[in-house]
Amino acid sequence: MFNQKSTLDPQRLLVLRTLLVFTIGGCLFFGGMNIARGVYPLAAVELAIGLFSLWLFFWITRSPAPERWLLIYLVLFFSTMMLAIATPAASATVFVWVFLIPLISHLLLGRKRGLIIAVVFLALSAAIYFYRVHDQPQLMTALAIANVVLCALVLMALSFAYEHAREKTEQQLQALATTDSLTGLPNRAALQPVLARTHAQAARDGTRFALLSMDLDHFKALNDQQGHEAGDRALVAFAELLRARLRASDMPCRWGGEEFQVLVSGTDRDGAVRIAEEIREALESTSLAQTEAGAQVTVSIGIAVYPDDGRAIPDLLLTADRRLYQAKSRGRNQVVAS
Ligand SMILES: Nc1nc2c(ncn2[C@@H]2O[C@H](COP(=O)(O)OP(=O)(O)OP(=O)(O)O)[C@@H](O)[C@H]2O)c(=O)[nH]1
């Protein structure tokens with residue numbers, strides 16, 4: 001769950017695999033045709049690209065660097081296209097493939113890298129096109145040139161706009177999926193990759209980090225006596241308190257219900273206890289959530305420090321949780337760190 005493997009996003013993987021299927025089929029077909037027509041250099045390149053595409057179809061989900069292979073494939077694919085349009089013996093209609101360049105670049109590489117690759121290969125295609133048709137007056141009229149150029153520009157603008165809108169939607173969905181809607185804090189799904197990164201970095205650099213597991217006390221009583229809305233307001237206020245007390249490099253998160261988790265980087269046990277005590281005291285000193293029975297919502301906190309309390313993330317979470325419940329059983333409103 002905490003392993004960070006580099007993977008392509010599913011949409012790009014689907015586009016790439018669809019394209020690879022057509023590349024494999026197309027390369028075999030055109031390679032065979034070009035052998036029959038005696039255009040051997042182009043046929044050899046096409047067959048080699050076909051075999052490479054077949055291998056990539058299976059390798060792409062296993063590769064540790066799929067983005068790099070994506071770029072290599074695209075450059076090879078477009079370069080083959082350039083070779084095809086530059087080959088005098090190739091069919092005149094081979095130029096229609098050029099119009100796929102903006103669409104494929106944006107779908108596979110995203111807005112910025114897609115635009116750069118598309119501009120480079122469209123410019124190359126234009127140079128090859130004009131070199132090949134410069135002696136055909138009917139193709140060198142302003143109208144004929146405007147048709148080709150405008151069509152390419154429209155496709156470029158449309159695919160750029162599509163990718164721009166798609167990236168924005170993806171960012172919004174990502175934010176929704178990783179933010180707790182009540183408190184606005186990151187949620188459990190958001191903490192996991194950050195925790196994995198912090199853990200990997202601490203293991204590399206020999207530094208420490210602490211996990212503070214927190215659970216609000218007497219929260220059920222508050223809900224029962226003053227209503228769910230009062231409970232919600234207390235959760236929002238506690239989230240505010242966390243934001244106000246923590247440094248930008250620390251990461252508070254709503255773990256679920258009235259449980260919170262705080263990841264504090266570059267700190268030892270004493271530092272973590274200081275922060276936890278500050279938070280505990282700050283909540284205690286607010287009259288934010290007084291229950292009718294006179295109890296006040298406070299917070300119990302369990303601390304685990306890497307690597308002293310465990311080297312694996314699940315062990316640290318377990319230790320922090322165990323200490324949190326020790327704090328509860330010792331009477332609540334306290335910090336347990338060892
Ligand atoms: N208002 C509100 N209540 C929630 C939310 N999520 C969980 N709860 C409530 O939090 C309460 C947690 O109850 P308990 O686990 O018994 O915790 P507690 O009353 O704080 O008891 P101790 O932790 O032992 O002090 C339950 O009543 C849940 O319904 C939420 O988003 N909003």
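Any value given below was found using the heavy atoms of this structure, including those in side chains, with hydrogens, waters and symmetry copies removed. Remember, it's 1-based here, ligands and their atoms both numbered in the order they're listed.
- Contacts with ligand 1 closer than 4.0 Å are made by heavy atoms of both the backbone and the side chain of D232.
- The pair E170-R166 meets the salt-bridge criterion, since a charged nitrogen lies less than 4.0 angstrom from a carboxylate oxygen.
- Shown in contact with G231 at under 4.0 Å from a heavy atom are these atoms of ligand 1, numbered in order with element: 1 (N).
- The pair E163-R111 fails the salt-bridge criterion, with no side-chain N (NZ, NE, NH1 or NH2) lying under 4.0 Å from an Asp/Glu carboxylate O.
- Evaluated by nearest non-hydrogen atom to atom 13 (O) of ligand 1, the leading choice among R332, H218, K220 is K220.
- Under 4.0 angstrom from ligand 1, the non-hydrogen atoms of K328 all belong to its side chain.
- If you look at L235 next to ligand 1, the close heavy atoms, those under 4.0 Å, all belong to the side chain.
- Close approach of ligand 1 to N223 (heavy-atom distance below 4.0 Å) involves ligand atoms 1 (N), 2 (C), 3 (N), 4 (C), 8 (N), 9 (C), 10 (O), 27 (O).
- Aromatic ring centres of Y162 and H106 lie farther apart than the 6.0 Å criterion allows.
- At least one side-chain heavy atom of L242 sits less than 4.5 Å from a side-chain heavy atom of M214.
- Salt bridge annotation for R245-E281: absent, with no cationic side-chain nitrogen under 4.0 angstrom from a carboxylate oxygen.
- Of all protein heavy atoms, the one closest to atom 10 (O) of ligand 1 is F219 CD2, 3.2 Å.
- Closest to atom 14 (P) of ligand 1 among all protein heavy atoms lies E258 OE2, 4.0 Å.
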Y73 vs T23, side-chain hydrogen bond (donor to acceptor under 3.5 Å, both in side chains): CA-CA, chis, key distance, verdict | CA-CA 10 Å; Y73 164 74; T23 313; 2.6 Å; yes
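- Heavy atoms of R254 come nearer than 4.0 angstrom to ligand 1 in at least one pair.
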